J.: 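Take a look at this one; I'll ask things after.
The sequence lines fix the lettering, A, B, ..., with proteins before strands; numbering per chain opens at 1. Note that this is a predicted model, so its numbers are computed, not measured.
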Amino acid sequence: MIRTHNCGQLRKTDVNKEVKLVGWIHSRRDHGGLIFFDLRDREGLTQIVFNPQQMSADIFQEAEKLRSEFVVNISGKVGQRPAGTENPKLPTGEIEVAASGLEVLNPAKTLPFEIADETEISEEVRLKYRYLDLRRPRMKKNIMFRYRTVKVIRDYLDGQGFIEVETPILTKSTPEGARDYLVPSRVHPGNFFALPQSPQLFKQLLMVAGMEKYFQIAKCFRDEDLRADRQPEHTQIDMEMSFVDQEDIFALCEGLMTEVFKKTLSIDLKTPFPRLTYKEAKDKYGSDKPDLRFGLEFKDISSLVATADFKVFAEIIKNQGVVKAICVPGIAGYSRKEIDDLTKLANEFGAKGLAWFKINNGTIESPIAKFFKAEVLNSIKELMGAKDGDMILIIADAPKVVAESLGRLRSYLGDKLNLINKKEFNFSWVVDFPLFQYNAEEKRWESEHHPFTAPNYDDVEYFDTDPGQMRSQSYDLVLNGTEIASGSIRIHRKEIQEKIFSTLGIGPEEAKEKFGFLLEAFEYGAPPHGGIAPGLDRLTTIMLGEDSIREVIAFPKTQKAVDLMTDAPGQVGEKQLRELHIKLR
RNA sequence: GGGGAUGUGGUGUAGUCUGGUUUAACACGCUGCCCUGUCAAGGCAGAGAUCGCGGGUUCGAAUCCCGUCGUCCCCGCCA
């Protein structure tokens, strides 16, 4: 090894030791007759001092030529800093290394930006020079935090009897779900592998194989448009267990999260995490991943206003619509324009209008108040728990539109009015998802989760009469309004699987062609099994208080799915295409 | 596919609405010189930008118009 210590290591107890340090020149303070450098490696910073009276003139001259980010090898003696010159900001701040030897291992051009958290740099520049961006303390911290998280996960699951198994990256395209990334087969002209959207089928086959407890830190690929929380490739903590029910999965996942938060952030999570059904979540928050760090719960006021003189509401209720409201504290002073902005937001999500009641001096002010009897207004006020200074926002529409638009208003106001405690980590389970959802465009039923999700066995009577009514044994883990894990108990019996396929309009032939290997496997003794897959990127993003998963991914892609550093994707030559039997059009 | 924001020396911004007192300003960085206790070192001097790209309007465009490209946020999409 070139070095004897790292740059975060030396303390007062090391004074007078002869040491060798390597690293990057982090900063330079040249006093002419005396030069200070902060030398940086992964572990920290150590001040190096070059004093011409204590070294050869040659070396001092060399030191004068050092610039930012040169990679150097320093030898010297650890010294206690003179009284009053200690730096309390550095763990190594009580000492410095008096250099006696210097070797430039590699010079560096002037960097496009400084290696410091304080400098704001456009993401475009950061991604082009990602290897420099990762030198910055924040990014280094994020990447190392991610590693520690994964390490805790592996240790925990190992302790629980799980084994990590790798599954193929080159696999088969499956219908439904996201768009696949395809890889052409050279050996089989016209045939393609698909990159896995998740190891779903393989982990179920590992259960059939008798592995009982499987996990994998698994890369998943989806060729869909990107967002702050979506990249074309992301990492799941993929888990599957045999002989379990929903409760076992919850307990495992709660144990895992508790361990992770304890070991990485020293935070004690309270378990069990609260649960709410999909229906409750939609009814009260308009979302299947509600942010429960703040209230603004929906209240259904349909029955209160159904018989009032206000025709708009009455009509909507008559046509299977609903009227729901949230009570927003302290915004009764909102101007016309501010209310217009809220209305515009509601419009974006399909609501035709936004009604409002301002509570001032105990009375309700609203352009539509005159249509309601005093006792109706009072009942609404009471139901909403509205106080002076509050404003009740009301949306009347089809249930889906009300949920989406009022839900969006809720999130917007929760953020805008600072109702959210940013330090809180609020976990909850959302359970009893519907088994199917109807695709009106294609006039067919689709799986809400995936086609291997077990139904809630209390609901199987609806298979032929009302599939939309059926609940599934699938569940999401929600953290601060983000879905961070999704899973289900799987079907392990052939006849139920066939029933699902027939509801989805997948005939026996098609099922055999697409999932034949899985269905066949189920005929050789498949244990009951289920699993869950937390998203590592989303989880660590929230834990670190970042706004985008790009901040926890070493080499992420832009919104156009491009890697600005490597310039991928790129063109390939005619020879490569010919070998793959591909002709561009 | 759609909506919105944005692009000015190496980096981050001001200037753009209201075209001309701009020879495009400021901070950081960079270069040179001075400097023995700094740690966001300090002082002095200096270099560095055809204002994303293309076209148009105009006597005159960073500024107005059209197109185009990149980046970001959102909708659709993401079992």
J.: Round to the nearest Å and state the distance from Asp567(A) atom CG to G70(B) atom P.
T.: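 Rounding to the nearest Å, CG of Asp567(A) and P of G70(B) are 12 Å apart.
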J.: Give the rounded distance in Å between these two atoms: CZ of Arg40(A) and P of C39(B).
T.: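 Checked: the CZ to P distance equals 20 Å.
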J.: Does Asp30(A) reach a base, just sugar-phosphate, or nothing at all? Heavy atoms under 4.0 Å.
T.: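 Base contact.
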J.: Base, sugar-phosphate or nothing for Gln559(A)? Non-hydrogen atoms, less than 4.0 Å.
T.: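 If one applies the 4.0 Å heavy-atom cut-off, Gln559(A) turns out to touch a base.
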J.: For the residue pair Gln473(A) and Phe433(A), establish whether any side-chain heavy-atom pair is separated by less than 4.5 Å.
T.: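 Gln473(A) does not reach Phe433(A) side chain to side chain.
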J.: Side-chain N or O of Ser548(A) versus OP1/OP2 of C72(B): is the shortest distance under 4.0 Å?
T.: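 Indeed not, no polar side-chain atom of Ser548(A) lies that close.
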J.: Both Gln200(A) and Glu348(A) contact RNA chain B. Which one's nearest nucleotide lies toward the 5' end?
T.: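 It is Glu348(A), whose closest nucleotide lies nearer the 5' terminus.
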J.: Minimum heavy-atom separation for Lys128(A) and Met565(A), please, with both atom names.
T.: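 Here Lys128(A) and Met565(A) meet closest at O-CG, 3.5 Å.
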J.: Would you kindly give the NE2-to-P distance between His26(A) and G29(B), to the nearest whole Å?
T.: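 His26(A) atom NE2 is separated from G29(B) atom P by 12 Å.
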J.: What is the distance, to the nearest angstrom, from the CG atom on Asp476(A) to the P atom on C78(B)?
T.: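 Nearest whole value for this atom pair: 15 Å.
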J.: Among the nucleotides C30(B), G70(B), A41(B), which one has an atom lying closest to any side-chain atom of Arg29(A)?
T.: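 Between C30(B), G70(B), A41(B), the one nearest the side chain of Arg29(A) would be A41(B).
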J.: Against the six-membered ring of Tyr214(A), is Lys203(A) placed for a cation-pi contact (under 6.0 Å from the centre, within 45° of the normal)?
T.: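 No.
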J.: Calculate the interatomic distance between Gln231(A) atom CD and C73(B) atom P; express it in whole Å.
T.: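 To the nearest whole Å, that distance equals 9 Å.
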J.: Using a 4.0 Å heavy-atom cut-off, does Thr453(A) contact any base of the nucleic acid, only the sugar-phosphate backbone, or nothing at all?
T.: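 The residue Thr453(A) makes no contact with any strand.
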J.: When Lys422(A) is tested against each of Asp415(A), Asp291(A), Asp547(A) for salt bridge (charged side-chain N to carboxylate O under 4.0 Å, His left out), which residue passes?
T.: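 Passing option: Asp415(A).
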J.: At under 4.0 Å between heavy atoms, what does Ala116(A) touch on the DNA or RNA strands: base, sugar-phosphate, or nothing?
T.: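 Nothing, no heavy atom under 4.0 Å.
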J.: Atom pairs under 3.5 Å, N or O on each side, protein against nucleotides 26-28 of chain B: can you list them with distances?
T.:
unit_1	atom_1	unit_2	atom_2	d
C28(B)	O2'	Glu114(A)	OE2	2.6

J.: With heavy atoms under 4.0 Å as the rule, sort Ile35(A) into base, sugar-phosphate or nothing.
T.: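 No contact.
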J.: Remember a base hit wins even if backbone is also touched, and classify Pro82(A) as base, sugar-phosphate or nothing at under 4.0 Å, heavy atoms.
T.: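 Base contact.
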J.: Considering every strand and a 4.0 Å limit on heavy-atom distances, what is the contact class for Glu96(A): base, sugar-phosphate, or nothing?
T.: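 Base, at least one base heavy atom under 4.0 Å.
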J.: Taking all atoms of both residues into account, what is the closest heavy-atom pair of Leu435(A) and Pro455(A), and its distance?
T.: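 Of all heavy-atom pairs spanning Leu435(A) and Pro455(A), the closest is CD2-CB, 3.7 Å.
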J.: Using OP1 and OP2 only, check whether a side-chain N or O of Arg67(A) sits under 4.0 Å from U31(B).
T.: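 So the side-chain polar atoms of Arg67(A) do come within 4.0 Å of the phosphate oxygens OP1 or OP2 of U31(B), strictly under.
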J.: Taking any heavy-atom pair under 4.0 Å as a contact, classify Glu446(A): base, sugar-phosphate, or nothing.
T.: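 It contacts nothing in the nucleic acid.
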J.: Could you tell me how far apart Arg136(A) (CZ) and G29(B) (P) are, to the nearest whole angstrom?
T.: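 Distance, rounded to whole Å: 16 Å.
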J.: Show the numbers, then the answer: is there a ring-ring contact (aromatic ring centres under 6.0 Å, His included) between Phe50(A) and Phe37(A)?
T.: CA-CA 8 Å; Phe50(A) 282 79; Phe37(A) 295 101; 5.5 Å; yes
J.: In whole Å, what is the span from the CD1 atom of Ile25(A) to the P atom of C39(B)?
T.: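 After rounding, the gap between these two atoms is 18 Å.
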J.: Is there a side-chain contact between Gln236(A) and Pro534(A) (heavy atoms, below 4.5 Å)?
T.: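 No; the side chains remain at least 4.5 Å from each other.
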J.: Between G52(B) and U16(B), how far is it from one P atom to the other, in whole Å?
T.: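 Those two atoms are separated by 15 Å.
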J.: Arg29(A) and Ser27(A): which non-hydrogen atoms are nearest, and at how many Å?
T.: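 Heavy atoms of Arg29(A) and Ser27(A) come nearest at NH1-OG, 3.0 Å.
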J.: Please confirm whether the shortest side-chain N or O distance from Arg227(A) to OP1 or OP2 of C75(B) is below 4.0 Å.
T.: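 So the side chain of Arg227(A) is within the cut-off, an N or O lying under 4.0 Å from OP1 or OP2 of C75(B).
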J.: Describe the nucleic acid contact of Glu118(A) in one word from base, sugar-phosphate, nothing, applying a heavy-atom distance below 4.0 Å.
T.: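 The residue Glu118(A) makes no contact with any strand.
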J.: Establish, with yes or no, whether the OP1 or OP2 oxygen of C73(B) is under 4.0 angstrom from a side-chain nitrogen or oxygen of Arg550(A).
T.: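 So the side chain of Arg550(A) is within the cut-off, an N or O lying under 4.0 Å from OP1 or OP2 of C73(B).
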J.: I want to verify a distance call: between G10(B), U31(B), G12(B), whose nearest atom is closest to the Arg28(A) side chain?
T.: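 Nearest to the side-chain atoms of Arg28(A), counting from C-beta on, is U31(B).
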J.: Quick one: is Lys560(A) getting a side-chain N or O under 4.0 Å of the G70(B) phosphate, OP1 or OP2?
T.: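 Answer yes for this pair, as a side-chain N or O of Lys560(A) is under 4.0 Å from OP1 or OP2.
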J.: For G12(B), does OP1 or OP2 lie under 4.0 Å from any side-chain N or O of Ser122(A)?
T.: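 Answer yes for this pair, as a side-chain N or O of Ser122(A) is under 4.0 Å from OP1 or OP2.
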J.: Rounded to whole angstroms, how far apart are CG on Leu226(A) and P on G70(B)?
T.: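 The answer, rounded to whole Å, is 14 Å.
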J.: Is Glu86(A) touching bases, backbone alone, or none of the nucleic acid, heavy atoms closer than 4.0 Å?
T.: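 It contacts base atoms.
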J.: Quick one: on RNA chain B, does Arg538(A) or Leu111(A) contact a more 5' nucleotide (nearest heavy atom)?
T.: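 Looking at the nearest nucleotide for each, Leu111(A) comes out on the 5' side.
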J.: Please report the closest heavy-atom contact between Gly414(A) and Phe294(A), naming both atoms and the distance.
T.: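 So the minimum-distance heavy-atom pair works out to CA-CE1, 3.7 Å.
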J.: What distance, rounded to whole Å, do you find between the two P atoms, one in G15(B) and one in C77(B)?
T.: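 It comes out at 40 Å once rounded to the nearest Å.
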J.: Report yes if at least one side-chain N or O of Arg408(A) is closer than 4.0 Å to OP1 or OP2 of C75(B); otherwise report no.
T.: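 Yes, because at least one side-chain N or O of Arg408(A) sits under 4.0 Å from OP1 or OP2 of C75(B).
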